[in-house]
Amino acid sequence: MPRLDPDLASLQEVRDALARAKAAAHAVHEYSQADIDRVCAAMAQAVADSAAELARLAVEETGIGRVHYKILKNLFGSEATWNSIKDEKTVGVIRRDEQKGILEIATPAGVIAGIVPTTNPTSTAAFKAIVSVKGRNAIVLSPHPRAIRCIAATVEVMRKAIQRCGAPADLVVALEHPTLESTGALMKSKDTAIILATGGEALVHAAYSSGRPAYGVGPGNVPVYIDRSADPAKVARTVVASQSFDNGTFCCSEQALVIDRPIEGALVRELLRRGAHLCDERETALLAAHCNKGNMMNPDVVGQDPWKVAAGAGFDVPRETTILLARQGGVGRAWPLTIEILCPVLSLHVVDGWREGCEVCLQTLKYGGLGHTLGIHCEDPAVLDAFFLEKPANRIIVNGPTSQGAVGYSTWLDPSVSLGCGPQAGNISSDNITARHLVNIKRVAFTRRDWAEQEVADHARAARLGGEVAPRGSGLPGDRRRRASTAAARPGSRRASTRRAPRSSRRPPRRRRCAAAGPHRRARRARKALRRGPTSRPRPRAARRARRAAAGSAPAPQPLQPRSARHQVRADLHAPGRPRHRSPAARAARRAAARDAPDRVGAAHLARHRDHPDPRRRRLSAGTLPGLPAPRGDHGRLQGLTPLTLDHDY
């Protein structure tokens with residue numbers, strides 16, 4: 001059997017992984033909060049127990065960072081992450097506001113696509129898996145090609161922990177042969193519910209262009225302003241510790257030190273005392289050429305020790321060096337070291353006062369770090385307030401390390417390795433992304449108790465502004481809806497027990513009009529009147545007249561007079577006190593008498609229609625009526641007679 005093309009094999013792997021993850025997510029859909037928490041706790045504990053082994057494997061495979069700090073990151077991505085979300089509700093009713101009548105219900109999003117970078121592979125994989133499973137989701141991880149083995153090992157540790165809890169191991173799946181095409185297919189698949197993208201600017205742009213909901217992490221070019229009111233020794237200790245934290249591979253690590261001039265000398269001396277190296281002009285130029293390739297960060301310097309970076313640039317520094325400091329006269333393409341460089345290399349900017357420092361920080365943020373993180377070391381409240389209000393950074397770390405502070409390690413921010421940068425950087429969120437961002441929250445709202453009064457008041461106000469007295473549907477006095485609702489609420493009302501049919505169903509069907517429609521209708525009326533006879537119930541108008549006459553307000557109505565000889569015969573037959581003949585012979589005699597009686601109306605009828613301008617009326621006077629249907633039933637005796645012999649009021 002021929003081998004499948006590698007690109008096609010990777011695409012098939014994506015489809016299979018998504019199908020497995022989707023089935024696993026469906027299997028835990030009915031899990032309770034306690035059940036899913038038990039699974040997540042086991043995952044976090046398993047990664048923490050393997051933190052050292054996974055850290056060594058990550059450094060060995062990627063060549064980035066330091067084992068000691070990789071261990072700290074693995075503990076942060078597992079235990080610290082779980083401790084921050086273990087009490088958070090992600091199943092069923094998560095919030096109940098009795099006063100407002102609102103319930104919030106959490107449901108799983110589905111399958112999460114997690115893109116894992118090479119800078120922090122094991123800690124990022126653990127973090128994304130734990131926060132995804134917390135919401136009863138499954139996750140498919142796409143590793144960076146340079147970190148496949150260490151990420152696969154991390155995933156295998158979590159899968160075994162999940163199996164020990166009795167849950168499906170496919171809640172966490174990692175691609176074994178990731179490519180650019182397979183990562184793109186994973187992000188664009190209809191089975192992907194949400195994308196968690198951590199990586200370069202191109203990757204984040206691809207995630208947002210995939211057509212699926214995405215949380216992307218923008219680049220971080222973090223400036224740190226050091227005010228004259230700060231303590232130089234404390235600042236130096238903080239900056240060195242932050243840059244030494246895995247060699248500055250967090251995107252929130254410091255990139256530029258903006259120093260107020262009165263404190264410059266003392267701060268530089270403290271930094272040098274703690275192992276920093278201040279580059280001269282030649283070393284600065286060499287460093288710029290090595291770290292900046294085409295206005296992009298050289299990937300070969302990411303996470304490297306300072307002495308290795310210096311050696312790559314062409315000069316030597318002691319192996320104990322903690323930071324490489326390089327002075328820059330501005331921000332932009334003319335100053336190559338002002339871009340984001342994820343290694344212990346910092347640009348130095350000296351300013352006169354906090355206002356100038358504010359401007360340099362703003363330029364640095366706009367040059368690749370908009371919306372991400374800013375640091376400030378200051379004891380002056382007025383300066384702090386100015387930075388808080390004016391800077392386009394969504395995380396401002398005060399008097400502390402930005403590497404550990406922005407991710408929530410040294411601060412009380414939500415622990416996360418996915419830091420949203422907000423609309424300024426094209427991100428959907430400015431939060432530290434965590435478990436609550438990966439569940440769907442639906443809301444149940446009960447109608448307000450004061451809604452009826454509020455609705456009437458608002459309608460009344462709008463009616464006054466619009467000039468309408470009672471707009472339809474407003475419920476104001478004069479509105480038909482108000483009358484209908486009042487009638488429906490009245491005891492014994494017909495509206496209270498029966499619902500009126502829609503207008504469309506009450507409307508009679510339209511009849512097709514033609515020239516003979518009128519004569520046909522009048523013929524039917526005549527036959528009905530002949531069957532009823534004069535003894536039928538009087539019409540409502542006559543009844544009203546009779547009541548008014550009885551009350552003395554009008555003369556008594558005259559009794560109905562027969563309009564023809566046949567009516568007279570029927571009146572005589574049904575006269576009060578006269579017995580009704582029900583035998584066949586009596587009925588035959590009655591019909592014969594009606595047929596032989598003279599028609600007293602026929603002559604007047606003929607005279608009225610003989611000279612009429614309408615030709616149809618003149619034809620009636622001649623005794624012809626086209627299309628007149630013959631009578632049916634008991635009135636078959638009228639067949640063959642001309643219309644003039646009938647009692648029709650044409």
Evaluate the side-chain proximity of T198 to I115: yes if any heavy-atom separation is below 4.5 Å, no if none is.
no

Where the side chain of T192 meets the backbone of K188, is there a donor-acceptor pair that is under 3.5 Å apart?
no

Are the side chain of E254 and the backbone of V239 linked by a donor-acceptor contact shorter than 3.5 Å?
no

Students often mix this up, so state it plainly: with edges at 30° and 60°, are the rings of F387 and Y225 parallel, tilted or perpendicular?
parallel

Lys/Arg-Asp/Glu bridge criterion (N-O < 4.0 Å) met for D414, R436
yes

Looking only at atom types and distance, does a side-chain atom of T107 sit under 3.5 Å from a main-chain N or O of K442, one as donor and one as acceptor?
no

Is there a donor-acceptor pair closer than 3.5 Å between any side-chain N or O of R159 and the backbone N or O of V172?
yes

If we only count heavy atoms from C-beta on, is the V317 to F315 side-chain gap below 4.5 Å?
yes

Would N83 and E79 count as a side chain to side chain donor-acceptor pair (under 3.5 Å) here? Give the steps.
CA-CA 6 Å; N83 289 333; E79 281 187 349; 5.6 Å; no

The reported gap from CZ in R146 to CD1 in I151 (rounded to nearest 0.5 angstrom) is 11.5 Å

Calculate, to the nearest 0.5 Å, the distance between atoms CZ and CE belonging to R164 and M43 respectively.
11.5 Å

Under 3.5 Å, side chain of E13 to main-chain N/O of E176, donor-acceptor pair present?
yes

Between D170 and K22, does any side-chain N to carboxylate O distance fall below 4.0 Å?
no

Rounded distance (nearest 0.5 Å) linking atom CD1 of I441 with atom CZ of R95:
9.0 Å

Does any donor atom in the side chain of T373 or T402 lie under 3.5 Å from an acceptor atom in the other side chain?
no

Is any NZ, NE, NH1 or NH2 atom of the basic residue among D246 and K70 found under 4.0 Å from an Asp or Glu carboxylate oxygen of the other?
yes

